[in-house]
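Take a look at the structure set out below.
What you see is a predicted model, and the numbers here were worked out from it, not measured in a lab. Chain identifiers are assigned alphabetically (A, B, ...) following the order of the sequence lines, protein sequences preceding nucleic acid strands; residue numbering begins at 1 within each chain.
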Amino acid sequence: MNRNITPYILKRTADDTTPRKLSIDYAAALNPQQLAAVTAGDGPSLVIAGAGSGKTRTLVYRVAYLIDSGIDPSHILLLTFTRKSAQEMLDRAGELIGSRSERVCGGTFHSVANMLLRRYGRTIGVEPGFTILDRGDAEDLIALVRSQLGLNEKDKRFPRKGTIAEIFSKAENTLRSLDDILLEEFSHFADHLDALGQLQRGYQAAKRQRQLADYDDLLVLLRRLLTEDPHAQESISSLYRYILVDEYQDTNRLQADVIRKLASTHQNVTVVGDDSQSIYAFRGATFKNIMEFPALFPGATIYKLEENYRSTQPILNLANCIIEEAAEKYSKRLFTRKLDGPLPTLAEAAGENAQSRFVAQKILELREEGVPLGEVAVLFRSSFHSFDLEIELSRRGLPFVKRGGVKFIETAHVKDLLAHLRVVANPLDAVSWHRVLMLVEGVGPKKAQDLLASLVKSDAPYRVLRDVGGRSGQGLKNLAHTLESLAGSADLGTAEQVNHIYEYYLPILKEQYDDYPKRTRDLDHLHTIAEGYAEVGQFLADLALEPPDGSAVDVEAPDRDDERMVLSTIHSAKGLEWQCVFVIWIVDGKFPSLYSFVADEDLEEERRLFYVAVTRAKRHLYLTYPINVFDKSSGMLLSKPTRFLDHVSPAMFEQLALIEEGGHSDWRRYRDDSY
DNA sequence: TAGCGTTTACTTTTT
DNA sequence: GTAAACGCTA
């Protein structure tokens with residue numbers, strides 16, 4: 001095949017229907033391996049797609065091909081890692097075959113499960129109006145149940161709520177028992193096995209009674225629906241006759257089982273993934289899903305995409321070197337036709353701020369050379385690694401967006417406001433009630449508990465609030481009045497409802513936080529988002545399933561994505577690419593993180609993470625690390641670059657030594673604490 | 001028992 | 001630097 005000939009696709013218009021005859025020249029647009037995967041017949045298939053090998057392109061063309069060959073688009077289900085990537089793929093498919101692609105069902109496992117449960121869940125006791133708990137809500141409910149069960153005895157070390165949530169979640173996602181998880185991965189809490197079992201049952205009962213579902217429940221309940229209700233199973237499985245799954249290496253056992261059940265009547269499953277890019281083990285994902293796919297779906301055809309269209313050879317050489325040391329993988333070796341390009345750069349900086357200034361300065365240079373800001377990304381292991389850089393970039397007026405890290409939806413004030421909306425939508429929602437009540441002056445844990453008990457039983461919860469006297473009487477009357485005005489007028493739009501609560505909540509906000517002006521801006525942002533929704537339930541579900549990232553600061557900047565660079569955790573950079581990529585904090589102890597030193601498989605995951613970071617770059621790759629940084633948590637002085645470069649030949653890099661202008665050898669002048 | 005000041009032990013990645 | 005648990009006071 002001659003790569004110098006660029007295919008030019010003549011688009012089909014929507015009304016131009018010529019069935020049987022394919023409208024796209026697939027052979028011209030795809031390489032032979034991609035073509036084989038795209039035009040595969042019915043039955044299961046596994047596509048092993050190396051980094052940058054046209055994985056997305058293959059999925060997009062597969063969707064187009066299915067529709068092109070006469071499949072009703074509404075019978076296709078596209079499962080992706082984020083809803084945004086599903087939307088992008090369907091848009092691209094739309095460019096190929098026209099508006100028919102809009103009828104394809106696409107989204108994350110969680111969003112599809114949410115939709116199916118609201119439609120079919122009644123038979124297994126799931127009411128369509130259920131509320132989705134995010135991680136924080138789930139932790140709050142666990143804490144609530146724990147105190148109700150009297151499990152917060154102080155004598156022994158009991159895991160904290162976040163850890164408990166993690167343990168429960170892992171058990172669900174890996175289809176293993178609580179005891180198993182506890183003994184193998186949290187053995188230091190083995191003493192509390194019975195208590196945790198009791199707590200888990202209590203937590204599950206509480207969710208059930210109050211129509212609450214955490215993220216895991218969405219998948220667990222869908223799986224139960226498919227198992228226990230043959231009628232629903234039959235309808236759903238025959239509705240989605242073609243199932244496509246992206247990023248299969250990051251699915252867990254639970255998700256794999258859901259796919260198997262969804263496909264039970266037809267086995268038309270196409271999964272795409274790369275075992276070398278599996279980076280979500282902490283969430284229960286296992287690259288073994290990819291390894292075992294052929295066993296789970298007998299007769300599966302395997303396709304391998306090994307030609308890389310993204311990066312230059314020097315970058316690929318480094319990537320291949322890093323992953324070569326990996327313990328277990330499908331063997332594949334990436335190659336490219338882009339032979340020439342600059343060597344990756346490895347730069348050692350005297351401290352964190354020197355690293356930040358290097359990155360900023362280099363970005364300015366690159367812009368001079370014609371690399372637009374939108375083609376630049378800075379990646380890091382943990383979201384706080386970019387704090388110093390953010391300050392440096394702001395100082396120099398370099399605009400950026402940050403991906404990953406704390407979502408504005410998780411901030412206390414936003415959760416407070418939403419809690420009011422949620423108790424109106426679902427009066428059984430104990431978590432939100434608790435939150436709302438605790439905000440009232442004169443109400444503490446005890447009173448909140450008591451009120452909660454009578455509220456849930458009562459048909460007229462607002463009357464209960466009104467009839468309370470004493471110190472908290474007036475506050476509760478105000479609350480009752482506000483909530484009632486929302487519940488009373490069903491025709492009130494979502495944005496108006498947010499406004500009503502805002503008026504009630506503002507005095508509380510001012511009382512609680514000195515920095516309330518900043519926080520009110522977040523609430524304004526929330527109001528703006530709410531304007532796009534006619535229905536409150538949809539608004540709440542969407543916020544939980546796809547929290548908008550970024551803070552109020554980003555919202556105010558003009559939305560010119562091409563003018564801004566991206567700062568992102570490596571996890572959030574999955575599937576993306578840029579001309580120029582910086583990976584910062586490549587210092588042993590931060591990356592790989594100290595936590596991963598204990599278990600080999602954790603270290604392997606960090607290696608894959610590094611591989612993902614490196615393979616995001618098309619042409620320019622800069623790896624930087626500060627030297628002699630003191631790590632407070634371990635008391636160690638970190639001073640050597642990541643161990644993943646230990647076996648990489650120095651010839652593969654250009655190494656830079658950063659020197660201060662004017663020959664300062666005293667870099668302490670510039671250290672972060674001097675600002 | 002609500003509310004606040006003090007102590008102590010952690011501190012990643014996300015649907 | 002922060003979140004949760006503890007302990008004191010009104």
Side-chain angles (χ1 to χ4, degrees), chain A residues 79-86 107-114 132-136 138-140 143 146-147 152-155 157-166 169-170 172-173 213-219 247 250-252 254-255 278-285 379-385 387 403-407 409-410 412 437-450 470-472 475 511-512 541-547 549 568-574 585 589-596 602 605-606 608-610 612-613 631-635 673:
Chain A
L79 293 169
T80 57
F81 214 69
T82 64
R83 287 162 98 195
K84 198 168 146 233
S85 71
T108 60
F109 279 88
H110 292 88
S111 68
V112 169
N114 173 55
I132 300 172
L133 303 178
D134 68 20
R135 180 55 183 268
E139 289 177 9
D140 290 347
R146 183 177 61 181
S147 71
N152 46 351
E153 309 296 314
K154 55 183 173 177
D155 48 335
R157 276 180 199 278
F158 204 71
R160 33 161 88 194
K161 60 181 183 178
T163 313
I164 302 172
E166 197 183 327
S169 179
K170 202 130 198 207
E172 300 286 14
N173 282 300
D214 63 24
Y215 288 136
D216 304 330
D217 287 330
L218 293 175
L219 302 176
E247 309 282 8
D250 286 319
T251 57
N252 56 43
L254 176 56
Q255 289 166 321
S278 171
I279 54 175
Y280 278 86
F282 68 92
R283 207 167 97 179
L379 308 181
F380 31 86
R381 170 71 249 255
S382 312
S383 127
F384 68 88
H385 288 165
F387 287 170
R403 297 246 177 87
V406 183
K407 308 257 170 35
I409 201 80
E410 287 159 5
L437 292 172
M438 288 289 281
L439 288 170
V440 176
E441 173 116 38
V443 178
K446 182 67 171 66
K447 185 138 227 171
Q449 283 284 348
D450 292 349
R471 211 143 67 80
S472 53
E511 181 63 32
Q512 292 220 320
D542 273 12
L543 280 182
L545 289 170
E546 185 114 48
D549 48 14
S568 174
T569 58
I570 300 171
H571 283 91
S572 300
K574 193 163 80 146
W585 275 111
K590 291 274 186 199
F591 195 1
S593 123
L594 286 164
Y595 307 104
S596 63
D602 291 350
E605 174 131 328
E606 297 277 306
R608 294 191 295 265
L609 199 54
F610 190 41
V612 169
D631 185 75
K632 281 177 224 152
S633 59
S634 62
D673 48 11

Strand DNA chain B as a dot-bracket string - pairs counted if Watson-Crick or G-U with both distances under 3.5 Å, | where the partner lies in another strand
|||||||||......
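OP1 or OP2 of B:dT14 lies within a sub-4.0 Å distance of a side-chain N or O belonging to A:T569. Within the structure, every side-chain polar atom (N or O) of A:S111 is placed at least 4.0 Å from both OP1 and OP2 of B:dT15. Taking side-chain N and O atoms only, A:K446 has no distance below 4.0 Å to OP1 or OP2 of B:dA2. For A:R135, no side-chain nitrogen or oxygen approaches OP1 or OP2 of B:dT12 to under 4.0 Å.
Rounding to whole angstrom units, CZ of residue A:F384 and C1' of B:dT13 are separated by 11 Å. Rounded to whole Å, the distance from CD on A:E410 to C1' on B:dT14 is 9 Å. At whole-Å resolution of the value, CZ in A:R283 and P in B:dT12 are 17 Å apart. For A:Y280 and B:dT14, the OH to P distance is 6 Å, given to the nearest whole Å. Rounded to whole Å, the distance from CZ on A:F158 to C1' on C:dC6 is 18 Å.
The residue A:S383 sits close only to the backbone: its heavy atoms come under 4.0 Å of sugar-phosphate atoms, none of a base. Contact annotation for A:S593: no contact, since no heavy-atom pair falls under 4.0 Å across all strands. The residue A:G442 sits close only to the backbone: its heavy atoms come under 4.0 Å of sugar-phosphate atoms, none of a base. Nucleic acid contact for A:S472: none, since no nucleic acid atom lies under 4.0 Å from a heavy atom of the residue. Residue-level contact check: A:F109 touches neither bases nor backbone, having no heavy atom under 4.0 Å from any strand.
Under 4.0 Å is where a charged nitrogen must lie from a carboxylate oxygen, and between A:E546 and A:K84 no such pair does. By the 4.0 Å N-to-carboxylate-O rule, A:R83 lies close enough to A:D542 to be salt-bridged with it. Taking a cutoff of 4.0 Å between a charged side-chain nitrogen and a carboxylate oxygen, A:K170 and A:E166 do not qualify as a salt bridge.
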Test A:R135 against A:E410 for side chain to side chain contact (heavy atoms under 4.5 Å, CB included), laying out the working first.
CA-CA 9 Å; A:R135 180 55 183 268; A:E410 287 159 5; over 6 Å; no
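Under a cut-off of 6.0 angstrom, the local environment of CD in A:Q449 is crowded, with over 12 non-hydrogen atoms contributed by other residues, nucleotides or ligands.
A gap of 23 Å separates the C1' atoms of B:dT13 and C:dA4, to the nearest Å.
The side chain to side chain contact (heavy atoms under 4.5 Å, CB included) with A:Y280 is formed by just one residue from the set A:D250, A:N252, A:T251; it is A:D250.
Judged by distance alone, the side chain of A:H110 and the main-chain N or O of A:L218 form no donor-acceptor pair under 3.5 Å.
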